[in-house]
Amino acid sequence: MNKNSREIWVIVAALAAFVILGQLASYFLAPASWAAFLQRLPIILSMIAFWVPIITLLTTLIVWGVLRFLGFESLQAIRNEMVEQNNPAPAILFIGAVIAAVLLFSIAIRP
């Protein structure tokens, strides 16, 4: 195993340990709250399963529209503009459009 993959596994193990320790701490500090959350978890997961595809589709349409409005035909065109023209503005606009669309739907759509 090389050094980079060992570092990645150490980071993953540390993150998993922090999650497990946090869950144990929350369970021992407030077991009733933890149990109430576990009872609501299927409802939360079903809302995520319902809304994520809808928000993804609408966000994709908004980003596609912004790309077309800016004159780009594809993500490859944005990449070419960034690499060949050394212009980061299209990528910044693309990421900004994604963030704006997600924020819009997180405010507008209240399950």
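Values below: every heavy atom of this structure, side chains too, minus hydrogens, waters and symmetry copies. Positions are given from 1, in the same order as the sequence printed here.
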Qualifying salt bridge (charged side-chain N to carboxylate O under 4.0 Å, His left out) pairs, either residue in residues 52-63, two or more places apart: none
Salt bridge (charged side-chain N to carboxylate O under 4.0 Å, His left out) pairs, two or more places apart, involving residues 40-50: none
Only counting residues at least two apart or in another chain, list the ones meeting side chain to side chain contact (heavy atoms under 4.5 Å, CB included) with [X].
X	answer
Ile8	Val12
Glu7	Lys3, Asn4
Gln76	Ser74, Arg79, Asn80

Which other residues belong to the hydrophobic cluster containing [X], where Ile, Leu, Val, Met, Phe, Trp and Tyr are joined when side-chain heavy atoms lie under 4.5 Å apart, directly or via other members?
X	result
Ile20	Leu24, Tyr27, Phe28, Trp34, Phe37, Leu38, Leu41, Ile44, Leu45, Ile48, Val52
Val10	none
Ile11	Leu15

Partner of Ile55 by side-chain contact (heavy atoms from CB on, under 4.5 Å), out of Thr59, Leu57, Leu58: Thr59
Taking only distance into account, with no hydrogens and no angle test, what donor-acceptor pairs under 3.5 Å do side-chain atoms of residues 93-103 form with protein atoms, sequence neighbours excluded?
none

Summary of ring-ring contact (aromatic ring centres under 6.0 Å, His included) pairs that have at least one residue in residues 52-85, sequence neighbours excluded: none
Please output the side-chain donor-acceptor pairs of residues 84-92 that fall under 3.5 Å, not counting sequence neighbours, one pair per line with the distance.
{"unit_1": "Asn87", "atom_1": "OD1", "unit_2": "Ala89", "atom_2": "N", "d": "3.1"}
{"unit_1": "Asn87", "atom_1": "ND2", "unit_2": "Glu81", "atom_2": "OE2", "d": "3.2"}

Reported OG1-to-CG distance for the pair Thr60 and Leu67, which is rounded to 0.5 angstrom: 10.5 Å
Residue list, salt bridge (charged side-chain N to carboxylate O under 4.0 Å, His left out) with Arg68, at least two apart or on another chain: Glu73
